[in-house]
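Notes follow once the structure below has been shown.
Residue numbers run from 1 in the order of the sequence given.
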Amino acid sequence: MRHSSSDLGIRPNLRQFLWLVLMTVFVGMTVGLERTVVPLLGKNVYHITSLTLIFTFIMAFGVTKAALNLVAGQLSDTMGRRPILIAGWLLGVPMSALLLFVHSWTAIVIANIFLGANQAFAWTMTVTQQLDLAGPRQRGLAMGINEATGYIGVAISTVLTGIIAAHYGLAHAPFLYGAVVVLIGLTVSVLVIRETRGHVLNETRRHAGQRGEPGIGTRGGLRVGQIFWMTTIANPTLSACSQAGLVNKLADALVWAVLPLYLAELHVPIAQIGFIGGTYTMVWGFAQFGTGMWSDRVGRKLPVVAGMGLLGIGILLFGISHTLPWWMASAAVMGFGMALLYPNLNAAVADIAPPQARGGVLGVYRLWRDGGYAIGGLLLGVSIHSIGMLSSLYLIGIVVLISMTVLLFRMTETHPRRGRQS
């Protein structure tokens with residue numbers, strides 16, 4: 001059977017969907033190259049003693065990615081998805097040049113501004129384009145595949161850069177690997193990826209006349225201010241999802257920036273630190289193949305609430321662990337919690353958003369979500385200075401469990417079929 005260029009569903013769009021899967025792997029590999037290396041680079045190579053100063057790299061990344069998520073979402077609704085994706089990879093080029101050729105902590109921080117821009121444009125577009133192609137019935141599956149493949153890419157780079165740094169040093173070789181990844185991603189985005197806004201128009205026609213969730217209009221265009229207010233405050237479910245997104249990135253900032261330093265203080269070898277971080281991201285990545293599809297059957301709320309609970313418990317378990325097997329086990333619990341909540345927060349937001357404003361609504365959600373990196377870097381710098389690394393770890397675990405409680409009481413089911421049954 002021949003499919004039109006705007007048919008909805010993964011099967012009729014399989015070739016382009018798979019290219020976007022590959023693209024997401026490269027996006028994840030790009031951000032993953034820093035997870036083992038950069039915190040240790042600040043401490044061991046540039047001899048920075050202030051943890052707040054070390055965390056400037058993740059704050060720079062978080063502020064940039066959060067702000068540009070909003071820009072990317074709005075531009076993609078007006079200019080199209082593909083140009084924004086290509087722009088994201090172009091922004092990865094100066095990042096690679098700074099990491100390779102300018103050896104200073106200032107260059108690391110500036111490179112992370114470009115990394116934030118790369119991730120905001122490139123990863124936001126792979127999410128949006130895969131949602132465009134999949135349509136409402138396979139939204140959870142599409143998000144599970146997107147986040148799974150992206151975080152498999154993160155895990156690959158987390159482990160590989162630890163091995164590369166152990167053999168060739170922290171300062172140069174890991175970033176040469178990163179530059180190759182960026183060039184491949186740029187080439188694929190230019191030569192292979194196609195525009196998907198035609199699918200949005202098709203879905204918009206099907207969406208017309210359907211009743212949306214309270215607080216979300218489907219008639220006419222929505223202004224940026226309306227979308228921001230609706231996603232942040234006015235709609236209870238979008239508001240609950242936004243705070244949960246922020247808190248889960250706050251937790252990820254802990255894993256990214258603090259746990260390598262915490263383990264290094266305990267004299268854990270660099271390669272083992274990479275394997276612990278890789279366990280977290282690998283479980284997070286692979287499990288999402290199932291958790292997104294599961295939410296298409298049971299709804300979004302159960303996986304999201306359960307995931308926040310497991311994430312908080314995993315963080316607390318990490319603090320009481322003292323051996324490599326226990327650290328890896330608690331990292332796996334955190335990773336599985338992320339796998340449950342992460343793709344399904346995206347899917348819940350997309351369930352509610354009108355198709356013609358999906359890019360903008362996802363952009364606001366991702367603004368708050370990735371703002372958790374900036375808030376996390378600042379909060380962790382202050383709390384570690386005040387109460388120490390271990391107590392800060394426990395603090396973040398408790399914050400995650402409080403966020404779970406907010407979701408439990410404020411979020412309503414968003415899945416088109418499950419929501420009608422409840």
Judged by atom type as modelled, is there a donor-acceptor pair below 3.5 Å linking the side chain of R81 to the main-chain atoms of S76?
yes

Among residues at least two apart in sequence or on other chains, which ones pass side chain to side chain contact (heavy atoms under 4.5 Å, CB included) with L14?
I10, L18

Spell out, as yes or no, whether a donor-acceptor pair under 3.5 Å connects the side chain of E413 to the backbone of K301.
yes

Check the orientation of F228 and W368. Use parallel for under 30°, tilted for 30 to 60°, and perpendicular for over 60°.
tilted

Answer yes or no: does atom CH2 of W19 have more than 12 heavy-atom neighbours from other residues, nucleotides or ligands under 6.0 Å?
no

Indicate yes or no for a side-chain donor-acceptor contact from S239 to the backbone of T232 under 3.5 Å, with no hydrogens or angles considered.
yes

Examine distances only and state if a side-chain atom of D296 and a backbone atom of L141 form a donor-acceptor pair shorter than 3.5 Å.
yes

Do the side chain of Q129 and the main chain of E195 share a donor and acceptor less than 3.5 angstrom apart?
no

Please, which pairs that meet side-chain hydrogen bond (donor to acceptor under 3.5 Å, both in side chains) have at least one residue in residues 172-185, sequence neighbours excluded?
S157-Y177

Give a yes or no answer on whether the side chain of T281 reaches the backbone of G277 with a donor-acceptor pair at less than 3.5 Å.
yes

Would you find more than 12 non-hydrogen atoms of other residues, nucleotides or ligands less than 6.0 Å from H103 atom NE2?
yes

When you look at CZ of F336, are more than 12 heavy atoms from neighbouring residues, nucleotides or ligands closer to it than 6.0 Å?
no

What orientation do W123 and Y151 show, parallel under 30°, tilted 30 to 60°, or perpendicular over 60°?
tilted

Would you indicate whether M293, at its atom CE, is surrounded by more than 12 heavy atoms from other residues, nucleotides or ligands within a distance under 6.0 Å?
no

Distance-only check: which donor-acceptor pairs under 3.5 Å involve side-chain atoms of residues 372-384, not counting sequence neighbours?
from : atom 1 : to   : atom 2 : distance (Å)
Y373 : OH     : K249 : NZ     : 3.2
Y373 : OH     : D252 : OD2    : 2.6
S383 : OG     : L379 : O      : 3.1
S383 : OG     : L380 : O      : 3.3
S383 : OG     : S392 : OG     : 2.8

For the side chain of E147 and the backbone of P343, is there at least one donor-acceptor N/O pair under 3.5 Å apart?
no

Above 12 or not: heavy atoms from other molecules or residues under 6.0 Å from OH of Y262?
yes

Mark yes or no for whether T161, through its side chain, and P174, through its backbone, hold a donor-acceptor pair below 3.5 Å.
no

